[in-house]
Amino acid sequence: MHDLLPKLDRRVEPVIAATRLPNVPLDEGVPHPGTVLLLHTTAMVSSPQEAEDLFRIFDSCPLPVLGHVRGETSLAEESAAQDEQSPEGHRYAVDCTWTDAPADRLAGPLLRLWRELDTEHSFSIWYGWAPNRPLPDMAFSVEGNVYIATYVIYTDPADDEKYRTWVHERTAAIAAEGGVGVYLGDTDFTGRQDRFLSDANYARLEEIRDRRDPQRRFASYLAADPGRLNVHG
């Protein structure tokens with residue numbers, strides 16, 4: 001997948017999800033191994049033939065395939081699948097990292113994390129983002145070739161510290177391999193902090209806050225160490 005990323009059409013969105021859901025689409029007679037790596041690719045196209053042309057690049061897979069489904073989907077179907085993976089009434093421990101590390105450096109810590117997922121709804125995604133391109137003038141200003149996020153989903157409050165510690169430690173090990181920062185929406189800065197804006201954008205934000213809110217009436221980011229906001233490494 002790392003090799004394919006620069007060759008993919010920008011209309012194709014590739015995600016590898018490590019999931020433990022029991023109803024993943026395995027071929028008939030294939031036993032569920034516990035955790036499945038599900039390559040989920042979507043494309044916005046005008047015809048089935050256009051989709052076939054874009055997806056042909058995935059036809060030669062060097063790994064054994066446990067199941068394969070290709071066909072039309074809808075926003076409603078994708079939303080229903082996401083609701084099943086991320087149920088209400090549960091507790092969540094989350095962390096993420098952007099990384100430019102090559103596959104051989106990511107494989108060890110990433111496979112360890114995937115193998116250790118231990119609840120039915122917990123999952124982790126490898127999200128292909130390459131090739132990078134110049135970003136417009138926007139707050140979203142940190143990215144890498146790959147985005148990796150892990151969601152530990154469970155029900156017992158007594159497990160909060162266990163799973164928060166685990167997800168931050170495992171993500172930190174991945175981030176140590178070429179990590180460049182995080183996406184703010186999948187973080188918990190009370191447990192692990194990292195950069196989420198480019199240095200220039202963060203400085204600009206602080207200048208605006210100094211001018212517009214000098215007494216800091218607006219709450220800042222919830223972080224264990226406010227003095228190390230947007231510090232990488």
Side-chain ([X]) to main-chain ([Y]) donor-acceptor, under 3.5 angstrom:
| X | Y | answer |
| --- | --- | --- |
| T41 | E13 | no |
| T171 | H168 | no |
| R192 | F189 | no |
| D213 | F218 | yes |
| T187 | D95 | no |

Decide, yes or no, whether a salt bridge links R164 with D159 under the criterion of side-chain N to carboxylate O below 4.0 Å.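 Salt bridge: no.
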Please determine whether a side-chain nitrogen of the Lys or Arg among E206 and R209 lies less than 4.0 Å from a carboxylate oxygen of the Asp or Glu.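 A salt bridge is present here (some side-chain N lies under 4.0 Å from a carboxylate O).
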Set of side chain to side chain donor-acceptor pair (under 3.5 Å) partners for H90, sequence neighbours left out: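 With sequence neighbours excluded, H90 shows a side chain to side chain donor-acceptor pair (under 3.5 Å) to no residue whatsoever.
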Ring centroid separation for Y154 and Y163, is it under 6.0 angstrom?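 Ring centres of Y163 and Y154 closer than 6.0 Å.
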Is the ring centre of H2 less than 6.0 Å from the ring centre of W126?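 Ring-ring flag for H2/W126: true, centres closer than 6.0 Å.
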Side chain to side chain contact (heavy atoms under 4.5 Å, CB included) evaluation trace for L222 with T190: CA-CA 7 Å; L222 181 62; T190 67; 3.7 Å; yes
Please state whether the rings of Y147 and Y183 are parallel, tilted or perpendicular, taking 30° and 60° as the class boundaries.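 Perpendicular, since the angle between the ring planes exceeds 60°.
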Parallel, tilted or perpendicular: which describes the rings of Y127 and W129, with under 30° parallel and over 60° perpendicular?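 Ring orientation, 0 to 90° scale: perpendicular.
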Exceeds 12 heavy-atom contacts within 6.0 angstrom, atom [atom1] of [X]:
| X | atom1 | result |
| --- | --- | --- |
| R211 | CZ | yes |
| R216 | CZ | yes |
| I208 | CD1 | yes |

Run the side chain to side chain contact (heavy atoms under 4.5 Å, CB included) check on R105 and T99 step by step: do they pass? CA-CA 11 Å; R105 286 175 54 191; T99 177; over 6 Å; no
Are [X] and [Y] connected, step by step, through hydrophobic side chains (Ile, Leu, Val, Met, Phe, Trp, Tyr) whose heavy atoms are closer than 4.5 Å?
| X | Y | result |
| --- | --- | --- |
| F140 | L205 | no |
| L54 | L4 | yes |
| Y92 | L21 | no |
| V182 | L229 | yes |
| V146 | L39 | yes |

Can you list every pair that meets side-chain hydrogen bond (donor to acceptor under 3.5 Å, both in side chains) and has a residue in residues 65-75, with sequence neighbours left out?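 Matches after skipping sequence neighbours: E52-R70, D59-R70, T73-E78, S74-E77.
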CG-OH distance between D199 and Y202, expressed to the nearest 0.5 angstrom: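 Between atom CG of D199 and atom OH of Y202 there are 10.5 Å.
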Might you work through the side chain to side chain contact (heavy atoms under 4.5 Å, CB included) test for R115 and T35, ending with a clear yes or no? CA-CA 7 Å; R115 288 177 176 133; T35 298; over 6 Å; no
Checking H32 now: which residues fulfil ring pair (Phe, Tyr, Trp, His ring centres under 6.0 Å) with it, not counting sequence neighbours?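 Here no residue qualifies.
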Could you check L117 against W166 for side chain to side chain contact (heavy atoms under 4.5 Å, CB included), going step by step and ending with a plain yes or no? CA-CA 10 Å; L117 293 172; W166 179 86; 3.9 Å; yes
Search all heavy atoms of S198 against all heavy atoms of V142 and return the closest pair with its distance.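 Distance-wise, the nearest heavy atoms are N-CG2, 3.5 Å.
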